[in-house]
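The analysis underlying the following values was restricted to heavy atoms, covering all of them including side chains, and did not include hydrogens, waters or symmetry mates.
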Amino acid sequence: MNVFSNEALAEQHVLITGATGGIGYEAAVEAVKAGARVTVTGRNKEKLKGLKQECEQVRSSGEVFVCPADLNQAEDRRRLVEESQQTFGTISGLVNSAGVIGGNALEYLTEDELRSVMELNYFSTVLLTQEVYAHMKTLNHGAIVNLSSLSGLRGTHGNTAYSGSKFAITGFTQSFALEAVEHNIRVNAVCPGYVDTEMGQQAIKSKGEREGRSFEDQLEKAKAGIPSGQLSTPLEVARTIIFLLSDASSNIIGESLKISGGSVMR
């Protein structure tokens, strides 16, 4: 199957969290192009509305359900799953794209910062997946893609909270994949490095501030550390997600697929 055909995700209902962020936004557009019925969620209602309009422009027959939610709240998670399935049927594809950056070197890290990062990046991801999985396994097929990071594969200075949360996602992906495959559900993760999104730019800015560099200087330093010499784009991450949702990746299970520009090889 051509993963980028307009039928690659036909008859599938895909739920995408963090859909107002750069990667989640592009993943929603690409999923609609691939023929899926798509539920998008986030906390910015206006951005979600604009995303729905764009999806309907790229594919006139595209079906998009907007369901704002705070994934840190159990009631919102339950409502999201219930309302989306009332609209489009049982969820067969889940993209856990919601996440935040944050934290500091350990000696400066506050408990509130640590809890905030872990709450959204790890706990809410696992608990929403639990809600979806209870229904998805009745289909005896499905695919789940978690957004991890290169920071979930190796540590970097001043990144204790975020890196810890993404290592947790990588471990969750591997362990859960062994459970879900019993129900013909594939679980994988994508692990990009710096991505040219608002969140990625904020990460570069924050690192520059910690090291006494301007954003421009830190950006050049970041690019110099990547063999390809460039940041990843939200679109290439989104297309990797669509590949992992599609039958084209039918025997890829429990993997953490790196998008590193050659900076991490192992």
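Counting heavy atoms from C-beta outward, Leu245 and Ile242 have side chains that approach closer than 4.5 Å. Using a 4.5 Å cut-off on side-chain heavy atoms (C-beta onward), Leu48 and Thr20 make contact.
Between the OG1 atom in Thr240 and the NZ atom in Lys258 there is a gap of 12.5 Å [rounded to 0.5 Å]. Separating the CD atom in Glu30 from the CZ atom in Arg239 is a distance of 5.0 Å, to the nearest 0.5 Å. Note: Thr160 OG1 to Leu114 CG = 7.5 Å, rounded to the nearest 0.5 Å. Between atom CG of residue Asp76 and atom CD of residue Glu83 there is a gap of 9.5 Å, rounded to the nearest 0.5 Å. A distance of 9.5 Å separates OG in Ser92 from CD in Gln85, rounded to the nearest 0.5 Å. Arg154 CZ to Ser163 OG: the interatomic distance, rounded to the nearest 0.5 Å, is 7.5 Å.
Closest approach of Gly262 to Pro227, counting heavy atoms only: O-CG, 3.3 Å. Nearest heavy atoms, Leu153 versus Phe167: C-CZ, 3.4 Å. The two residues Tyr194 and Ala203 come nearest to each other via the heavy atoms CE2-CB, 4.2 Å. Scanning all heavy atoms of the two residues, the minimum distance from Ser260 to Leu150 falls at CB-CD1, 3.6 Å. The two residues Ser148 and Cys191 come nearest to each other via the heavy atoms CB-SG, 3.7 Å. Between Gly103 and Ala161 the shortest heavy-atom distance is CA-CB, 4.0 Å.
Note on Leu109 and Phe123: same hydrophobic cluster, where clusters join Ile, Leu, Val, Met, Phe, Trp and Tyr whose side-chain heavy atoms are under 4.5 Å apart, directly or indirectly. Follow the hydrophobic side-chain contacts under 4.5 Å out from Leu128 and you never reach Ile16; the two are in separate clusters. Under the 4.5 Å side-chain heavy-atom criterion for grouping Ile, Leu, Val, Met, Phe, Trp and Tyr, Leu15 is not connected to Leu139 through any hydrophobic cluster. If you chain together hydrophobic residues whose side chains sit under 4.5 Å apart, Ile144 and Val40 never meet in one group. Note: the hydrophobic cluster containing Val187 also contains Leu94 (ILVMFWY, side chain heavy atoms under 4.5 Å, direct or indirect links).
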Would Glu131 and Leu80 count as a side-chain contact (heavy atoms from CB on, under 4.5 Å) here? Give the steps.
CA-CA 10 Å; Glu131 289 276 347; Leu80 170 63; over 6 Å; no
Quick one, Arg79 with Cys67, criterion side-chain contact (heavy atoms from CB on, under 4.5 Å). Give me CA distance, side-chain angles, the key distance, then yes/no.
CA-CA 9 Å; Arg79 177 179 56 81; Cys67 189; 3.5 Å; yes
Run the side-chain contact (heavy atoms from CB on, under 4.5 Å) check on Ser84 and Ile91 step by step: do they pass?
CA-CA 8 Å; Ser84 65; Ile91 296 164; 3.6 Å; yes
Does Val29 form a side-chain contact (heavy atoms from CB on, under 4.5 Å) with Leu51? I'd like the steps, not just the answer.
CA-CA 8 Å; Val29 174; Leu51 172 57; 3.9 Å; yes
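One N or O on the side chain of Asn188 and one on the backbone of Ile252 form a donor-acceptor pair closer than 3.5 Å. Thr170 places a side-chain N or O within donor-acceptor distance of the main-chain N or O of Gly152, the cut-off being under 3.5 Å. Within the 3.5 Å criterion, the main-chain N or O of Ser151 finds no donor-acceptor partner in the side chain of Lys166. Formation of a donor-acceptor pair under 3.5 Å by the Ser249 side chain with backbone atoms of Leu244 is found in this model. For the pair Arg77 (side chain) and Leu71 (backbone), a donor-acceptor distance under 3.5 Å is present.
A donor and an acceptor atom, one from each side chain of Asn96 and Thr125, are nowhere located under 3.5 Å apart.
Residues passing the side-chain hydrogen bond (donor to acceptor under 3.5 Å, both in side chains) test with Glu26, sequence neighbours excluded: none. In this view, Glu113 and Thr110 satisfy the side-chain hydrogen bond (donor to acceptor under 3.5 Å, both in side chains) rule, not counting sequence neighbours. The salt bridge (charged side-chain N to carboxylate O under 4.0 Å, His left out) test applied to Glu107 returns no partner, not counting sequence neighbours. Listed by chain and residue number, nothing satisfies the side-chain hydrogen bond (donor to acceptor under 3.5 Å, both in side chains) test with Ser232 (two or more places apart in sequence, or in another chain). Phe172 is linked by a ring pair (Phe, Tyr, Trp, His ring centres under 6.0 Å) to Phe176, counting only residues two or more places apart in sequence or in another chain. Under the side-chain hydrogen bond (donor to acceptor under 3.5 Å, both in side chains) criterion, Glu54 pairs with Tyr25, not counting sequence neighbours. Residues that satisfy the side-chain contact (heavy atoms from CB on, under 4.5 Å) test with Ile226, not counting sequence neighbours, are Ser228, Leu231. Scanning for salt bridge (charged side-chain N to carboxylate O under 4.0 Å, His left out) contacts around Arg115 gives Glu111, with sequence neighbours left out. Residues satisfying the side-chain contact (heavy atoms from CB on, under 4.5 Å) test with Glu82, not counting sequence neighbours, are Gln86. Annotation: salt bridge (charged side-chain N to carboxylate O under 4.0 Å, His left out) contacts of Glu216 (sequence neighbours excluded): none.
Remark: Lys137 NZ is packed, more than 12 non-hydrogen atoms of other residues, nucleotides or ligands lying under 6.0 Å away.
Within the structure, the side chain to side chain donor-acceptor pair (under 3.5 Å) test picks out the following pairs touching residues 37-50 (sequence neighbours left out): His13-Thr39. Among residue pairs with one or both ends in residues 172-184, those qualifying as side chain to side chain donor-acceptor pair (under 3.5 Å) are Asn146-Thr173; sequence neighbours excluded.
Just one of Val32, Val38, Val66 meets the side-chain contact (heavy atoms from CB on, under 4.5 Å) condition when paired with Cys55; it is Val32. Checking His135, Met136, Gln130 one by one against Val132, the side-chain contact (heavy atoms from CB on, under 4.5 Å) holds for a single residue, Met136.
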